[in-house]
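What follows is a single structure, written as structure tokens, with notes after it.
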2 protein chains.
Amino acid sequence: MKKKTTIYDIAKALNITVSTVSRALSGFPAISDTTRKAVVEMAKKLNYSPNKLASALKSGKTHIIGVIVPSVQAHFFASIIHCIEDGLKDSGYRVIIYQSNESVENEINGVRTLLEAQVDGIMASMSLETKNISHFSEIIKQNKPLILFDRVNTDLKVPTITLDDFKAGYIATKHLIDQGYQKIAFVTTVHQIKIFNDRLEGYKAALTDHGFPVVEDHIIFGGLSIKDGRFGAGKLMRSSNKPDAIIAGDDFTALGVIKKLKEIDETPPKIGVIGFANEAFSAYITPNLSTIDQHASQMGQECAKMFLKMINQESPYANMEHIVLDPGVVERDSTNKKVAIKTEA
Amino acid sequence: MKKKTTIYDIAKALNITVSTVSRALSGFPAISDTTRKAVVEMAKKLNYSPNKLASALKSGKTHIIGVIVPSVQAHFFASIIHCIEDGLKDSGYRVIIYQSNESVENEINGVRTLLEAQVDGIMASMSLETKNISHFSEIIKQNKPLILFDRVNTDLKVPTITLDDFKAGYIATKHLIDQGYQKIAFVTTVHQIKIFNDRLEGYKAALTDHGFPVVEDHIIFGGLSIKDGRFGAGKLMRSSNKPDAIIAGDDFTALGVIKKLKEIDETPPKIGVIGFANEAFSAYITPNLSTIDQHASQMGQECAKMFLKMINQESPYANMEHIVLDPGVVERDSTNKKVAIKTEA
DNA sequence: CTGAAAGCGCTAACAA
DNA sequence: TTGTTAGCGCTTTCAG
């Protein structure tokens with residue numbers, strides 16, 4: 001059992017040639033039923049397992065597609081991956097995952113590794129650090145499908161699947177205004193990635209549309225994490241112009257914000273808090289967290305569909321599409337002033 | 001840019017042979033500095049990217065190792081993977097992840113896919129459904145390293161890295177007893193995987209050692225999920241012999257238990273609740289959840305170390321080790337009766 | 001220090 | 001319907 005059986009072993013055992021074996025195994029039509037059966041049986045008997053490397057080398061197709069995400073620990077990305085796998089498995093494509101851990105260096109490495117592994121295409125959501133995008137251009141140069149989702153960069157001329165993030169920022173803000181909050185702050189992050197800018201613009205637009213001023217001190221730029229949330233909330237609540245509601249860049253950051261607010265006895269919804277992403281835990285923390293649903297499953301499905309379309313075209317980048325999904329507010333207690341009144345009574 | 005540059009292109013451009021190029025690129029010692037430099041430069045100029053498929057086919061080593069886990073959404077598994085990657089990257093090994101989603105069918109598929117992709121080894125934590133283990137035997141037959149971690153099956157003669165799960169069950173129970181709880185129930189799952197049995201045995205032993213009876217009705221066998229937790233807690237609290245504390249098979253299940261208890265106004269620590277795994281959210285739910293720390297990072301490191309050891313031996317399965325890690329209790333509010341008293345005062 | 005050539009396991013013309 | 005044969009891109013003896 002030391003060395004693997006190959007189609008040569010099968011051929012030899014059956015006294016036929018490798019081409020016949022190859023054809024029998026790959027369902028080639030012009031093969032007699034007898035031969036096919038004999039081959040399949042012998043393959044099983046010899047415990048044959050095909051070497052995909054060899055066939056990929058020959059055919060130029062690995063049927064593997066690479067997905068690069070910042071981290072699989074975010075429920076949002078995990079769900080997307082799941083849906084991509086789901087949408088692709090019927091077509092015989094497998095997914096391999098590469099985590100950038102929010103570092104460009106890892107991201108570059110990821111692209112290289114996947115390309116060297118000869119994947120048939122790549123889907124990616126960029127790391128927060130990513131500014132230079134030349135590593136992605138390499139994929140395009142090789143004329144392999146690249147699809148960017150959620151965290152995209154518009155300088156890259158590739159199909160994208162995103163949320164309407166301007167609208168997401170807008171409705172998050174509007175939701176708070178509708179709940180009666182008046183001084184709304186925003187803890188977010190700064191970089192090249194479109195979605196965070198769009199959300200910020202949506203936030204500003206909503207404020208303006210409803211007659212509220214945009215206060216520079218109410219916008220905190222940092223990272224996105226529980227720690228950053230705590231820090232941002234602390235800074236805001238120590239300032240002379242304290243907000244009465246905080247929008248957090250994602251649910252983890254919102255969690256940090258809530259932690260901090262609880263410590264200083266400003267537990268939401270006293271101070272309103274809303275996040276982005278609808279993480280698994282968001283419904284279970286106290287108070288449970290209002291958030292913006294980013295439709296992970298739909299996004300994953302669209303990625304899969306888009307990939308299949310690209311791979312089946314002569315040129316993958318013809319008829320490029322940019323799909324934009326509609327965000328929704330998930331209203332929970334952290335922005336529900338009525339709960340606060342009830343609790344205080 | 002349509003077709004990729006190969007070492008042949010480099011060789012032609014430099015008027016040397018492919019063997020020289022290959023050697024120059026792979027850091028072979030007996031190569032003149034001049035040639036090496038020229039090759040490297042030309043490689044960059046021609047935008048060369050090696051085809052790992054070809055080199056793997058030739059050398060029989062892909063330097064890729066496959067990790068099969070039930071789901072990356074569990075913080076525990078995500079952390080382990082992270083640490084495996086970390087411990088392996090210096091040796092040039094890359095990790096690809098395959099999720100079984102707790103289904104044997106996917107698991108079998110995963111093993112096959114990884115084997116066909118010619119990975120150099122596999123690490124796996126079994127799905128809850130897995131009973132038959134022949135798909136894993138296949139890896140051993142091919143004489144490739146297989147390491148089982150956390151959810152192992154002792155019928156497979158391979159190295160394992162586990163927690164001392166008997167002890168885990170024991171200390172979880174003892175912790176509750178120490179806190180003053182007297183009627184301790186256990187919501188868990190039933191199957192072939194060793195750890196869940198061990199935990200149950202530890203639970204029983206702790207009860208017995210401290211003079212408490214083992215009550216059959218206090219042991220609920222179901223799945224592990226938020227839903228199963230709700231269901232288990234409901235069943236327990238409706239019974240005539242209500243427990244005053246519940247051990248849940250994992251933190252997700254514990255979350256469901258807490259949800260249910262809150263609804264029927266038995267919010268922990270009134271009824272004590274403890275989970276397993278120390279998920280990211282556990283510290284943030286209310287009341288925050290006591291749990292058993294499974295030392296994910298240590299487990300990941302040991303996996304990496306073990307793999308390196310196996311791959312460097314003549315025969316991977318010589319000197320097999322079974323590493324057992326020590327669990328620890330993370331004490332939080334959900335089992336802290338003093339908090340309850342304070343709150344009620 | 002470099003070249004020639006065989007071959008990893010499989011596919012796919014082209015023949016028969 | 002099956003066989004022959006030439007590679008896919010790379011590594012690696014064996015010569016020189």
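Naming: A, B, ... by sequence-line order, numbering from 1 per chain. All values below come from the heavy atoms of this structure, side chains included, with hydrogens, waters and symmetry mates left out. Please read these numbers as outputs of a predicted model, since none were measured by experiment.
Atom NZ in B:K12 sits about 15 Å away from atom P in C:dG3, given to the nearest Å. At whole-Å resolution of the value, CD in A:Q118 and P in D:dC8 are 14 Å apart. Atom pair A:K52:NZ and C:dG9:P shows a separation of 17 Å (rounding to whole Å applied). At whole-Å resolution of the value, CG in B:N51 and C1' in D:dT11 are 13 Å apart. Atom NZ in B:K61 sits about 12 Å away from atom P in D:dT12, given to the nearest Å. Taking atom CD1 on A:I31 and atom P on D:dT1, their separation rounds to 8 Å, with Å as the unit. Rounded to an integer number of Å, the gap from CG of A:L25 to C1' of C:dC10 is 11 Å. The CD1-P distance, from A:I10 to C:dG9, rounds to 13 Å in whole Å.
Between A:R94 and A:E85 there is no salt bridge, since none of the side-chain N atoms of the basic residue sits less than 4.0 Å from a carboxylate O of the acidic one. For B:E302 and B:K309, the salt-bridge test fails: no basic side-chain N is under 4.0 Å from an acidic carboxylate O.
Along DNA chain D, the nucleotide nearest to A:V18 and the one nearest to A:P29 differ in position, and the one closer to the 5' end is contacted by A:P29. Map B:T17 and B:A54 each onto its nearest nucleotide of DNA chain C; the residue landing nearer the 5' end is B:T17.
Looking at A:Y8, its side chain has no donor and acceptor atom pair within 3.5 Å of the base of C:dC8. At a cut-off of 3.5 angstrom, counting only N and O atoms as typed in the model, there is a donor on one side and an acceptor on the other between the side-chain of A:K58 and the base of D:dG7.
When the nucleotides D:dC10, C:dT2, D:dT1 are ranked by their closest atom to the side chain of B:I7, D:dC10 comes out on top. The B:I16 side chain lies nearest to C:dG3 when the options are C:dC10, C:dG3, D:dG9.
Using a 4.0 Å heavy-atom criterion, one finds that B:S22 contacts the bases of the nucleic acid, with or without backbone contacts as well. Using a 4.0 Å heavy-atom criterion, one finds that A:L53 contacts no nucleic acid atom at all. Residue contacts shown for B:S26 are absent, as no nucleic acid heavy atom lies under 4.0 Å away.
Taking every heavy atom of both residues into account, A:I195 and A:D150 meet most closely at CG2-O, 2.9 Å. In terms of heavy-atom proximity, B:E102 sits nearest to B:L128 at OE1-N, 2.8 Å.
In summary, the side chains of A:T35 and A:S32 do present a donor paired with an acceptor at a separation below 3.5 Å, with no hydrogens or angles considered.
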Please enumerate all protein N or O atoms sitting under 3.5 Å from an N or O of nucleotides 13-16 of chain D, with distances to 0.1 Å.
residue	atom	partner	partner atom	Å
D:dT13	O4	B:R23	NH1	3.4

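Regarding contacts with the backbone of D:dT12, every side-chain N or O of B:S59 stays at 4.0 angstrom or more from both OP1 and OP2. OP1 or OP2 of C:dT2 sits under 4.0 Å from a side-chain N or O of B:T35.
No more than 12 heavy-atom neighbours from other residues, nucleotides or ligands sit within 6.0 angstrom of NZ on B:K52.
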Anything under 3.5 Å between a donor and an acceptor, one on a side chain of residues 12-20 of chain B, the other on a protein residue two or more places apart or in another chain? List them.
residue	atom	partner	partner atom	Å
B:T17	OG1	B:S19	OG	3.2
B:T17	OG1	B:T20	OG1	3.2

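Atom CG of A:N143 is separated from atom OG of A:S315 by 5.5 Å, given to the nearest 0.5 angstrom.
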